[in-house]
Undergrad: 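Take this structure first; my questions come after.
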Amino acid sequence: MELSTKYSPEEIEDKWYGEWLKHKCFSSTPDEREAYSVVIPPPNVTGLLHMGHMLNNTIQDVLIRKARQEGKNACWVPGTDHASIATEAKVVKMLREKGIKKSDLTREKFLEYAWEWKEEYGGIILKQLQKLGASCDWDRTAFTMDEVRSDAVNKVFVDLYNKGKLYRKKRIVNWDPEALTVLSNEEVIYGHENSRLYKVKYQIEGTNDFITIATTRPETIPGDTAIAVNPNDPRYAKMKGKKAIVPIIGRVVPIIFDDYVDVEFGTGALKVTPAHDTNDFDIGERHNLEVVDVFNDNGTMSEAAGVYVGEDRFIVRKKFAKDLDAAGYLMDTEDYQNNVGRSERTNAVVEPRLSLQWYVDMKSIAAPALEAVMSDEVEFFPKNQKNVYRHWMENIRDWCISRQLWWGHRIPAYYIGEDVFVAETAEEALNLAKVKTGNNNLTISDLRQDEDVLDTWFSSWLWPISVFDGFNSREELDYYYPTSVLVTGWDIIFLWVARMVMAGYEWEGKRPFDHVYFTGMVRDKQRRKMSKSLGNSPDALGLISEYGADGVRFGMLLSSPAGGDLLFDDKLVEQGRNFSNKIWNALRLVKSWELIDQPMSELDALSVEWINNRLNQVAAELEDNFKEYKLSEGLMSIYNFVWGDFCSWYLEMIKPDYQAPIGSEILKETVSIFTKITALLHPFMPFLTEEVFQQLEDRKQGEFCMFSAYPKGDHFDQKLIDMVTMGQDIVTNVRDIRNKNGLKMRDELELTIIASSNSKAFMNTSGMKEFCTKMAILSSFELADKEGQSQIGFITGAESLFVKLEIEIDVEAELEEKQKDLVYQQGFVKSIQGKLSNDKFVSGAPAAVVDNERKKLEDGLERIKLLIQDIERLENMK
RNA sequence: GGGAGAUUAGCUCAGUUGGUUCAGAGCACCUGCCUUACAAGCAGGGGGUCACUGGUUCGAGUCCAGUAUUUCCCACCA
């Protein structure tokens, strides 16, 4: 069959993915082999494949495929996250577009819609991952809200409660007025925003004096229940025991003294609104202040505000400020930049709000998780994330886990009046209630289940355990847990990674994973984050169909050094596609030859030995790279090896003359090395390598590149490699001479290299003469006296070689180049001589270093000698 | 306010314990080629005071201090 000159990935990718699935190549069950397990960071059910996923999952696939080739029992567990708030927001929006309001629906009806939505969109991203080549064990696909995972959530909630590590408390929380739910601290994103600082004066009761405060939020003034000043501030000492009148509202509030107030800031006087600020709330507690909540849950003014009831807080801010101004209370306003917290999901400005919520006592479970990371029991790549982790863990705050949503795990807490019963099922809760109350006539309908659901991360943090049904059975967990590596972005180090480590120690007494590899964020060339509004996020699937999955994988990996941000550029993906094509054409070449029964030549033998040694060398480098998760460096060394060593040198070395057949033996060796290359490259570019692997030889049914043993970095002969490098240097020099003198590669020219007499070892290497002759297209290459007729000389290592050409050369240009080189070499030698004549160096530096310098000096002097000879020779030619 | 990192070629980045295996890679660039696998290609080439200043050392891209620029994280003062 004739192969096209261009590699066309489309059919090949679908074909092999289908074959792999058909042969259950990705599936894993516990056996006697070593396990290598990875759990996918479950993408949101509403998600579509984007660049971050592509990077993340390509890396996981590379690691999994390599482990599989190494003979490990590789298990990559896929799944999706119900993404409570994000999904609920999308469903609400979808319903709204249909003209249905969430508030008009029952909980049950809403959940019906949500499940429908999940069924429709929930699996899309997994299908898209298959396009990328992800070798997940699809039979294991899990969902954070399926039965097994929900069961785990309930068990854990009950367990924590029974251990006293769970509590319910009323305090100031982060309220999302759009999603109408509380958020954890980690779900609030702070950013600097421009606002205004208003200075407002409050009359002192019974006097004509005023006290001026500064605030960015005049709309909260109706909720003021005190004015606070610092007890050490002399300006306000006389205010002791006085009261102030809240402007417009008319409420009389005490002037209190509290250390919290910063004397330097604003006017040194602070209005206190306990319902709408964490610090104010604390002050309120200390001074027994009244709490007046002036907002409704959706951010509009409440009845308690008494003004602008039902209007939005930001509109009221302006209106109320205007009123203050009109009434003469607004002293001044100035531009001000402050840090505003917004909801991660809805982008609404978060409102501090007093409310009753469930919390996990984090301090009680954090210690082993901190220790594990600091001692590298859980090892972070790159390491510097350890500091970030430590800082968060050492200052950890309790985790607010209840959410006022419907889509999620409903909290397994049941109430009778003020009593709470926490149990996995209503029946169990009922039993608890009967025992507690002694009332055996209670029925399920007397119980009122908590209306709230749990934070979506409350199921995710159990993921490495729950995907193996670990809260129910030991069988799989004992084999696959701890998982080998977690690959995720550093942006969810607190939301997810840290909590998984805590859960791992809390319920398994063991780390959830050996390693964590943090990927960077995908950005565009200008380092901007990928975002829909900027329109700088490429269409992931579009890229795959344009460049092939392997091309995209190559591009992603190459641009992504371990842990650094990925600056996405189409160019790199194009490079990946070109690389695919390069390999494809190497295949075409190898398949195009006619066979002839013929032993290997000396050059063939040298070529094979050299390329095998180089491959071992590359494999060794790769092993080091993998140990540190430097995938981009590893891929780059394969790229250079395949393109440079294999294609540009090896294939040219063994290539028969035009239309001549190739020896069976050398072809066999060539197919063997090419096969090893497909194995080496397979984790990075699985489709192409599988196709090439299958094309190279007839394979048995069910024999796949994806199961080829991964080449080990065995020992390699550095001397041989160096020798060939020297030959390459000669060839390159000759080619350069041709180029500079306007000679084409194919020009039939009498070209002779005459090597100096000190090149014996090199010249005596079997096949080396043929190598140089063939690759540099020389008519002869001999060992002879260099004096005489040669025209151009060059030096490689401490060897000097001369090329005899039958053309005129630019003697002046040659001379100039040599003289420049001479100056450099002389400077070099001088610096070494300086070192060696320095007693402190000779006595202070290690012997090996000194010896090395002596050797360098020797070589340098030899080169200078040769250069001077060459310069003289050129001078004579003038 | 607290903390962590970064600064090496036009761009993106390597550079492990201080010593030409140290000044590298890929891309970009320049020159010449439709050479019988590949123009998504082939051959060759140029390019950097390693941010700045000082220090330690026989020797500093590498260690220390300071300066500048910059990225990020945490906290949050109204």
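Chain naming here is simple, since letters A, B, ... match the order of the sequence lines and numbering starts at 1 in each. Side-chain atoms are counted along with the backbone in the values below, which use heavy atoms only and exclude waters and symmetry mates.
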Undergrad: Taking a pair as Watson-Crick or G-U wobble with both distances under 3.5 Å, which nucleotide is matched to rA43(B)?
TA: rU31(B)
Undergrad: In whole angstrom, give the distance that lies between atom CG of D565(A) and atom P of rU70(B).
TA: 18 Å
Undergrad: Determine the sole option in H276(A), E351(A), E219(A) for which the side-chain hydrogen bond (donor to acceptor under 3.5 Å, both in side chains) test with R313(A) is passed.
TA: E351(A)
Undergrad: Mind checking K271(A) for me? I need base, sugar-phosphate or nothing, with any heavy atom below 4.0 Å counting as a touch.
TA: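 Counting heavy atoms under 4.0 Å across all strands, no contact is made by K271(A).
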Undergrad: Starting at CG of N384(A) and ending at C1' of rC72(B), how long is that distance when rounded to a whole Å?
TA: 10 Å
Undergrad: Per the ring-ring contact (aromatic ring centres under 6.0 Å, His included) rule, which among F687(A), Y7(A), F579(A) passes with W584(A)?
TA: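 Exactly one pass, corresponding to Y7(A).
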Undergrad: Are K774(A) and E652(A) close enough for a salt bridge, meaning some N to O gap below 4.0 Å?
TA: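 Answer for the salt bridge query: no.
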Undergrad: Please determine, for rU69(B), whether a Watson-Crick or G-U wobble partner exists with both distances under 3.5 Å, and give it or none.
TA: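 Check on rU69(B): paired to rA6(B), both distances under 3.5 Å.
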Undergrad: Contact class for T278(A) (heavy atom, under 4.0 Å): base, sugar-phosphate, or nothing?
TA: nothing
Undergrad: Could you state the CZ-C1' distance from F554(A) to rU12(B), rounded to the nearest angstrom?
TA: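 Result: 14 Å.
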Undergrad: Would you classify R397(A) as touching base, sugar-phosphate or nothing, given that sugar-phosphate means primed atoms plus P, OP1 and OP2, and contacts are heavy atoms under 4.0 Å?
TA: sugar-phosphate
Undergrad: Provide the distance between the two P atoms, one in rU7(B) and one in rG61(B), to the nearest whole Å.
TA: 15 Å
Undergrad: Within the structure shown, what part of the strands sits under 4.0 Å from K582(A) by heavy-atom distance: base, sugar-phosphate, or nothing?
TA: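 Counting heavy atoms under 4.0 Å across all strands, the contact made by K582(A) includes a base.
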Undergrad: Donor-acceptor pair under 3.5 Å: do we get one between E652(A)'s side chain and the base of rA37(B)?
TA: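 For E652(A), whose side chain was compared with the base of rA37(B), there is a donor-acceptor pair (under 3.5 Å).
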Undergrad: Rounding to the closest angstrom, what is the interatomic distance between rG5(B) and rA9(B) at atom P?
TA: 22 Å
Undergrad: Using atom C1' in both nucleotides, what's the gap between rU16(B) and rC52(B) to the nearest angstrom?
TA: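 The same atom, C1', in both gives a distance of 27 Å.
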Undergrad: What about R577(A): does its side chain form a donor-acceptor pair under 3.5 Å with the base of rA40(B)?
TA: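 Check passes, donor-acceptor contact within cut-off.
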Undergrad: By the 4.0 Å heavy-atom rule, please label Q718(A) as base, sugar-phosphate, or nothing.
TA: nothing
Undergrad: Check D722(A) with K719(A), please: is the shortest side-chain N to carboxylate O separation under 4.0 Å?
TA: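 No salt bridge links K719(A) with D722(A).
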Undergrad: Which one, rA78(B), rC73(B), rC38(B), comes nearest to the side chain of A214(A)?
TA: rA78(B)
Undergrad: Under 4.0 Å between a side-chain nitrogen and a carboxylate oxygen: does that hold for D569(A) and K571(A)?
TA: no
Undergrad: Mind checking who rU49(B) pairs with, Watson-Crick or G-U wobble, both distances under 3.5 Å?
TA: none
Undergrad: Nearest to the side chain of W490(A) - rA37(B), rC72(B), rG19(B)?
TA: rC72(B)
Undergrad: Looking at rC77(B), rC74(B), rG41(B), which one has an atom nearest to any side-chain atom of W643(A)?
TA: rG41(B)
Undergrad: On RNA chain B, does the nearest nucleotide to Q728(A) precede the nearest nucleotide to L589(A) from the 5' side, or the other way round? Give the residue.
TA: L589(A)
Undergrad: Please state the P separation for the pair rC29(B) and rG66(B) - nearest whole angstrom.
TA: 43 Å
Undergrad: Tell me the partner of rC63(B), counting only Watson-Crick (N1-N3 plus N6-O4 or O6-N4) or G-U wobble (N1-O2 and O6-N3) with both under 3.5 Å; none if nothing fits.
TA: rG55(B)
Undergrad: Over how many whole Å does the gap from I730(A) atom CD1 to rG44(B) atom P extend?
TA: 14 Å
Undergrad: Side chain of R527(A), heavy atoms from C-beta onward: which of rA78(B), rC13(B), rA37(B) has the nearest atom to it?
TA: rC13(B)
Undergrad: I need the CG-P distance between N739(A) and rG45(B), as an integer number of Å.
TA: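 Atom-to-atom, N739(A) to rG45(B), this comes out as 8 Å.
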Undergrad: Looking at F518(A), Y629(A), W490(A), which hits ring-ring contact (aromatic ring centres under 6.0 Å, His included) with F381(A)?
TA: Y629(A)
Undergrad: Can you check the F494(A) CZ to rA75(B) P distance for me, whole Å?
TA: 8 Å
Undergrad: With respect to I583(A), which candidate in T678(A), I677(A), V642(A) satisfies the side-chain contact (heavy atoms from CB on, under 4.5 Å) definition?
TA: V642(A)
Undergrad: Between rC42(B), rA37(B), rG44(B), which one does the side chain of D736(A) approach most closely?
TA: rG44(B)
Undergrad: rG59(B) and rA6(B): how far apart are their P atoms, nearest whole angstrom?
TA: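 Here rG59(B) and rA6(B) have their P atoms 26 Å from each other.
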Undergrad: Would you classify Q575(A) as touching base, sugar-phosphate or nothing, given that sugar-phosphate means primed atoms plus P, OP1 and OP2, and contacts are heavy atoms under 4.0 Å?
TA: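 Q575(A): backbone/sugar contact only, no base atoms under 4.0 Å.
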Undergrad: Counting Watson-Crick and G-U wobble pairs only, both distances under 3.5 Å, name the nucleotide matched with rC11(B), or none.
TA: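 Its partner is rG26(B).
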Undergrad: Considering only the P atoms, how many Å lie between rU49(B) and rG10(B), rounded to the nearest integer?
TA: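 Between the two P atoms, the distance is 8 Å.
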Undergrad: Where the side chain of K630(A) is concerned, which of rA37(B), rG15(B), rA78(B) is the nearest nucleotide?
TA: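 Side chain of K630(A) sits closest to rG15(B).
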Undergrad: Is there a donor on the side chain of N339(A) or the base of rC76(B) sitting less than 3.5 Å from an acceptor on the other?
TA: yes
Undergrad: Taking the minimum atom-to-atom distance to the side chain of N585(A), which one of rA37(B), rA25(B), rG44(B) wins?
TA: rA37(B)
Undergrad: Roughly how many Å apart are rG32(B) and rU20(B), using the C1' atom of each and rounding to a whole number?
TA: 32 Å
Undergrad: Taking atom C1' in both rC63(B) and rG1(B), compute the distance separating them and give it to the nearest angstrom.
TA: 31 Å
Undergrad: Take atom CH2 of W649(A) and atom C1' of rA43(B), then tell me their distance rounded to the nearest Å.
TA: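 The distance from CH2 of W649(A) to C1' of rA43(B) comes to 10 Å, rounded to the nearest Å.
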Undergrad: What is the nucleic acid contact for K6(A), judged by heavy atoms within less than 4.0 Å: base, sugar-phosphate only, or nothing?
TA: base
Undergrad: Assign Y198(A) to base, sugar-phosphate, or nothing according to its heavy-atom contacts below 4.0 angstrom with the strands shown.
TA: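 The residue Y198(A) makes no contact with any strand.
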Undergrad: Hey, does S592(A) reach any base, or is it just sugar-phosphate, or nothing, if we go heavy atoms under 4.0 Å?
TA: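 No contact.
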Undergrad: Would you mind classifying the nucleic acid contact of D624(A) as base, sugar-phosphate or nothing, using non-hydrogen atoms under 4.0 angstrom?
TA: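 No contact at all - D624(A) keeps every heavy atom at 4.0 Å or more from the nucleic acid.
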Undergrad: Taking any heavy-atom pair under 4.0 Å as a contact, classify F579(A): base, sugar-phosphate, or nothing.
TA: nothing
Undergrad: At under 4.0 Å between heavy atoms, what does N338(A) touch on the DNA or RNA strands: base, sugar-phosphate, or nothing?
TA: sugar-phosphate
Undergrad: Whole Å only: how far is the CG atom of N230(A) from the P atom of rC77(B)?
TA: 16 Å
Undergrad: For a quick check of understanding: with a heavy-atom distance under 4.0 Å over all strands, which category does S580(A) fall into, base, sugar-phosphate or nothing?
TA: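 S580(A): no heavy atom of the nucleic acid under 4.0 Å.
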Undergrad: Any strand is fair game: report the nucleotide pairing with rG1(B) by Watson-Crick or G-U wobble, both distances under 3.5 Å, or none.
TA: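 Result: rC74(B).
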Undergrad: Across the strands shown, which category fits N640(A) at heavy-atom distances under 4.0 angstrom: base, sugar-phosphate, nothing?
TA: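 N640(A): backbone/sugar contact only, no base atoms under 4.0 Å.
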